[in-house]
Amino acid sequence: MCEQKGLLAGFAKIDITPDYQVGLGGYSNAETRRNTGIVDRIYATCIALTDGDETILVYTIDNCACPGGAADKIRQVVCAATGLAEDKIFLSATHTHSAPALYGHPEAQMYKNQLFAACARGAQLALADRSPAKIMAAKKNFPGWNSTRHVRLENNTVAGNQWRKIGSPAVEMFGPADNQMVLVKFAREEDKKDILMINWQAHPDFASQIGTLNIAPSYPGPLRDTVEAGSGMHVAFFTGADGNMVSDCKRFFPEKAHGLNWRRYGVKIGTLALELMEELAEVEGTGIATKRAVVDAEVDHSWDHMIEQANEVFNLWKSTDLATGTEYGKKYDFSSPYQARAIRTRYEMEKTTPLELNAFRVGGVGFTTGTYEMFAESGIQVKEGSPYEFTFLLTGNSTYIPAERNFEFRCYEADTGLYAKGTAEMLVDKYVQMLKEIQ
């Protein structure tokens with residue numbers, strides 16, 4: 001195998017748990033969904049990588065999303081702290097729905113300042129921690145541990161949680177789940193702990209078993225803890241192209257479900273990662289290469305004609321409750337009050353808006369990241385089109401970008417996302433092109 005000459009890797013893990021009450025993200029009620037406790041601490045991890053003259057920082061943050069505005073500010077403060085260029089900083093979020101929202105509640109700015117400072121400090125610590133390393137990787141499919149969000153019914157409709165109310169039997173899950181785990185290890189010298197990156201496509205929702213008003217990292221927390229304890233390594237977890245649920249068809253096909261809660265699920269996926277570590281092998285290739293692109297994405301204005309009704313439903317929802325707004329919106333054929341909110345947002349947007357795409361290569365491993373939530377089907381397509389044997393997907397999770405057929409069947413994500421049909425396919429093509437260009 002090719003020796004990774006000159007590769008240096010460093011790691012930092014910063015506690016970003018607030019010691020004050022905050023609104024929690026993941027839904028539209030951060031104003032009222034305020035935490036009453038802390039179940040597990042939440043963290044931001046930073047990996048610093050250098051090869052020759054190129055240095056990059058790779059973050060994963062225990063938050064529901066890392067949207068464009070917050071991502072821009074993180075890059076700015078990290079640049080000021082390190083002198084690195086903004087296009088050398090790559091960000092992702094683990095997508096827990098039990099972390100502080102970055103908007104919508106009085107303490108949001110206070111928490112963002114805490115997060116920004118933590119990211120700057122993490123960069124400094126990770127850069128100081130660098131030591132010579134070799135890159136290793138492994139991948140394996142673990143079917144049966146995640147599923148897609150929707151089910152296809154016998155009457156050829158597609159539904160989510162409430163499918164039983166439709167009165168048609170469930171036939172199969174709608175769309176593929178990405179059950180491939182990818183591990184990237186930086187095996188370090190000088191008595192330094194090795195660094196392990198874990199990529200697993202499953203949706204970390206709220207920590208429902210302990211209540212929705214507690215801060216927790218969802219399953220990535222116990223997953224990291226399990227692997228750290230079993231390997232002695234530093235561990236960073238990255239949610240890839242989202243859209244997989246954490247349980248195996250539990251809502252749709254209970255007889256096939258494993259029935260694990262979020263904590264036991266994290267432990268189980270951690271044990272699978274420990275098993276896969278036995279297959280880690282050195283990866284051919286040297287050097288670091290990066291690429292950033294901006295594409296104009298078409299905003300979905302197909303519901304603009306319903307703006308008055310959307311305002312009516314949204315205002316009723318916010319002034320009463322989710323159930324009332326949902327019931328009221330049915331007469332307008334809104335999939336949920338979230339669709340009313342999306343119509344309002346899209347109505348104010350320009351015809352197109354820029355989306356940022358990032359790709360980078362470390363040795364012979366390719367990586368992609370962006371500040372939005374692509375879905376499992378798109379992630380699989382990126383991997384299939386990638387020129388690398390090992391492709392690692394990072395996501396920022398700030399808005400849905402579902403595949404075309406989600407629009408055809410009026411799936412929740414198509415109704416509540418911001419962008420028009422075809423955006424996901426455009427991003428997949430662009431990501432594959434970028435990965436090829438940095439070979």
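- A side chain to side chain contact (heavy atoms under 4.5 Å, CB included) with Asn35 holds for exactly one of Leu213, Leu24, Asn214; it is Leu24.
- At a cut-off of 3.5 Å, with distance as the only test, no side-chain donor of Gln433 or Asp429 sits close to an acceptor on the other residue.
- Contacts classified as salt bridge (charged side-chain N to carboxylate O under 4.0 Å, His left out) and involving residues 103-114 (residues at least two apart or in different chains) are given here: Arg34-Glu107.
- In this structure, Ile135 and Lys185 have side chains that are not in contact, with every pair of non-hydrogen atoms separated by 4.5 Å or more.
- Contact detail for Pro67 and Leu102: the closest heavy-atom pair is CD-CD1, 4.1 Å.
- Under 4.0 Å is where a charged nitrogen must lie from a carboxylate oxygen, and between Lys351 and Glu298 no such pair does.
- Applying the side chain to side chain donor-acceptor pair (under 3.5 Å) rule to pairs touching residues 391-403 yields Ser386-Thr391, sequence neighbours excluded.
- Nearest heavy atoms, Ile42 versus Pro18: CD1-CD, 4.5 Å.
- Taking a 6.0 Å sphere around CG of Asp53, one finds it holds 12 or fewer heavy atoms contributed by other residues, nucleotides or ligands.
- Between the side chain of Asp129 and the backbone N or O of Phe11 there is at least one donor-acceptor pair closer than 3.5 Å.
- The cationic atom of Arg292 (NZ for Lys, CZ for Arg) does not lie both less than 6.0 Å from the six-membered ring centre of Phe360 and within 45° of the ring axis.
- Under the 3.5 Å distance criterion, the side-chain polar atoms of His301 are left unmatched by any main-chain donor or acceptor of Val299.
- In plain terms, the two heavy atoms of Thr416 and Arg346 that are nearest each other are C-NH1, 4.3 Å.
- Of the N and O atoms on the side chains of Tyr103 and Glu31, not one donor lies less than 3.5 Å from an acceptor on the other residue.
- Donor-acceptor pairing under 3.5 Å is lacking for the side chains of Gln381 and Tyr431.
- The closest donor-acceptor contact from the side chain of Tyr332 to the backbone of Val313 lies at 3.5 Å or more, if one exists at all.
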Discussion item. Between Lys383 and Asp178, is the salt bridge (Lys or Arg N to Asp or Glu O under 4.0 Å) condition met? List the steps.
Written reply: CA-CA 10 Å; Lys383 290 180 182 180; Asp178 187 352; 3.0 Å; yes
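- Under the 4.0 Å criterion applied to side-chain N and carboxylate O atoms, Arg263 and Asp40 are assigned as salt-bridge partners.
- Put simply, the side chain of Glu356 never gets that close to the backbone of Val294: no donor and acceptor are under 3.5 Å apart.
- One distance of note links OG1 of Thr368 with CD1 of Ile438; it measures 9.5 Å at 0.5 Å rounding.
- Although no hydrogens or angles enter the test, the distance criterion places no donor-acceptor pair under 3.5 Å between the side chain of His234 and the main chain of Ile195.
- A 4.5 Å side-chain heavy-atom check between Leu125 and Ile14 finds at least one atom pair inside the cut-off.
- When only modelled atom types and interatomic distance are considered, Ser335 and Asp415 share a side-chain donor-acceptor pair under 3.5 Å.
- Salt bridge annotation for Arg410-Asp333: present, with a cationic side-chain nitrogen under 4.0 angstrom from a carboxylate oxygen.
- Annotation: salt bridge (Lys or Arg N to Asp or Glu O under 4.0 Å) contacts of Glu154 (sequence neighbours excluded): none.
- Checked against a 6.0 Å centroid threshold, the rings of Phe314 and Trp317 count as neighbours.
- Minimum interatomic distance between Phe409 and Asn156 (heavy atoms only, all atoms of both residues): CE2-O, 3.4 Å.
- In this structure, Asn146 contributes its side chain and Gln201 its backbone to a donor-acceptor pair below 3.5 Å.
- The salt bridge (Lys or Arg N to Asp or Glu O under 4.0 Å) test applied to Asp15 returns Arg41, not counting sequence neighbours.
- Closest heavy-atom contact between Gly25 and Cys64: C-CB, 4.4 Å.
- For the pair Lys13 and Tyr43, the distance from NZ or CZ to the six-membered ring centre is under 6.0 Å and the angle to the ring normal is within 45 degrees.
- A donor-acceptor pair shorter than 3.5 Å cannot be found between the side chains of Gln180 and Lys140.
- Applying the side chain to side chain donor-acceptor pair (under 3.5 Å) test to Ser336 and every residue at least two apart in sequence or in another chain returns nothing.
- With respect to the salt-bridge test (charged N to carboxylate O, under 4.0 angstrom), the residues Lys421 and Asp300 do not qualify.
- Using a cutoff of 4.0 Å between basic side-chain nitrogens and carboxylate oxygens, Glu425 and Arg405 are not scored as salt-bridged.
- Between Arg224 and Asp62 there is a salt bridge, since a side-chain N of the basic residue sits under 4.0 Å from a carboxylate O of the acidic one.
- No side-chain heavy atom of Arg149 sits less than 4.5 Å from a side-chain heavy atom of Pro402.
- Atom OH of Tyr347 is surrounded by 12 or fewer heavy atoms from other residues, nucleotides or ligands within 6.0 Å.
- Distance check: Asn358 CG to Thr371 OG1 gives 8.5 Å after rounding to the nearest 0.5 Å.
- For the residue pair Lys88 / Thr55, no side-chain donor-acceptor distance below 3.5 Å is found, with atom types taken as modelled.
- Of the residues listed (Trp200, Phe392, Tyr219), the one engaging Phe237 in a ring pair (Phe, Tyr, Trp, His ring centres under 6.0 Å) is Tyr219, and it is the only one.
- The minimum heavy-atom distance linking Asn155 with Ser168 is given by the pair N-OG, 3.0 Å.
- For residues 111-130, the set of pairs meeting the ring pair (Phe, Tyr, Trp, His ring centres under 6.0 Å) definition, not counting sequence neighbours, is empty.
- Here the side chains of Val235 and Ile198 are in contact, with some heavy-atom distance below 4.5 Å.
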